[in-house]
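Heads up: the structure comes next, in structure tokens.
Quantities reported herein were computed from a predicted structural model and do not represent experimental measurements.
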Amino acid sequence: MDPLYHLMTTAVLLDHKPATLLGAIAPDLPWYVLYPAWLVSRGQLASTLRSSEWPLPPHWMREIHYASHSLLTVAAVWAFSRSREIRMQGSASLSLAWLLHILLDLPTHSRQRMAPRPFWPLSRWAYDGFSWADHITVWLAQRSRKRP
């Protein structure tokens, strides 16, 4: 749901070009690749999916997540892609969509579960937003208990 939310919001607010849509999900790509692989390597994927209790990832994985959700990383990617030698087409759209992703994540992720650190590595500050994912999980669990 989260990637779809970012893709739809970006398409509506910016555009639906491939570079823009890549920027919409770029901050989460490391997580979607690394976390499931880590669970598989620990033999925990099936039990995690059954219980919906997601173990906290190792420190190195959290740091990658924080780096990909940092405004400083977006600025570095944009500056690198706009350098005289490279001049990547679509880099402005990609960077703007990446920025939008971070701005959307700030109020919608709780500090309890790896909220974005927008000034990483200079600061570990995180806004304690409304965790929509936790609320949906609780709602689904309550709803499933009410069924006969």
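A donor-acceptor pair is defined here as one N or O able to donate and one able to accept, closer than 3.5 Å; such a pair exists between the side chain of T73 and the backbone of A67. Side-chain N or O atoms of S47 include one that pairs as donor or acceptor with a backbone N or O of Q44 at under 3.5 Å. R117 places no side-chain N or O within donor-acceptor distance of the main-chain N or O of S70, the cut-off being under 3.5 Å.
H6 has its side chain within reach of D28: a pair of non-hydrogen atoms, C-beta onward, lies under 4.5 Å apart. Put simply, the side chain of F80 does not reach to within 4.5 Å of the side chain of S91, judged on heavy atoms. Side-chain contact between W60 and L34 is present, with heavy atoms from C-beta onward closer than 4.5 Å. Counting only heavy atoms from C-beta outward, the side chains of D105 and H69 approach each other to under 4.5 Å.
Taken from CG in L14 to CG in L96, the straight-line distance is 5.0 Å, to the nearest 0.5 Å. Summarising the geometry, atom CG belonging to L45 is positioned 9.5 Å from atom CZ belonging to R50; distances are rounded to the nearest 0.5 Å.
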Side-chain donor-acceptor distances from residues 16-24 under 3.5 Å, at least two apart:
| residue | atom | partner | partner atom | Å |
| --- | --- | --- | --- | --- |
| T20 | OG1 | D15 | OD1 | 2.7 |
| T20 | OG1 | D15 | OD2 | 3.4 |

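Of all heavy-atom pairs between T48 and L39, the closest is OG1-CD2, 3.9 Å. Heavy-atom minimum distance, W54 versus L49: CH2-CD2, 3.6 Å. For H65 against S68, the heavy-atom pair with the smallest separation is O-OG, 3.0 Å. Nearest heavy atom pair, residue L106 against residue P116, reads CD2-CB, 4.1 Å.
Under the 4.5 Å side-chain heavy-atom criterion for ILVMFWY residues, no single connected hydrophobic cluster contains both V33 and V40. V74 is not connected to L72 by any chain of hydrophobic side-chain contacts under 4.5 Å among Ile, Leu, Val, Met, Phe, Trp and Tyr, and they are in different clusters. The hydrophobic clustering, which links ILVMFWY residues whose side-chain heavy atoms are closer than 4.5 Å, places L122 and W120 apart. Cluster membership check: L7 shares its hydrophobic cluster with L103, using side-chain heavy-atom separations under 4.5 Å among Ile, Leu, Val, Met, Phe, Trp and Tyr. Linking ILVMFWY residues whenever their side-chain heavy atoms come closer than 4.5 Å, directly or via other members, leaves Y35 and I25 in distinct clusters.
Looking at residues two or more places apart in sequence or on another chain, you find no ring-ring contact (aromatic ring centres under 6.0 Å, His included) involving W78. For Y66, there are no ring-ring contact (aromatic ring centres under 6.0 Å, His included) partners, not counting sequence neighbours.
Ring pair Y127/W125 is tilted by interplanar angle, where 30° to 60° counts as tilted.
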Open item on the list: Would W98 and V77 count as a side-chain contact (heavy atoms from CB on, under 4.5 Å) here? Give the steps.
Closed with: CA-CA 10 Å; W98 194 325; V77 167; 4.0 Å; yes
TODO: Could you walk me through whether W38 and M61 pass the side-chain contact (heavy atoms from CB on, under 4.5 Å) test, one step at a time?
DONE: CA-CA 9 Å; W38 177 73; M61 195 181 304; 3.4 Å; yes
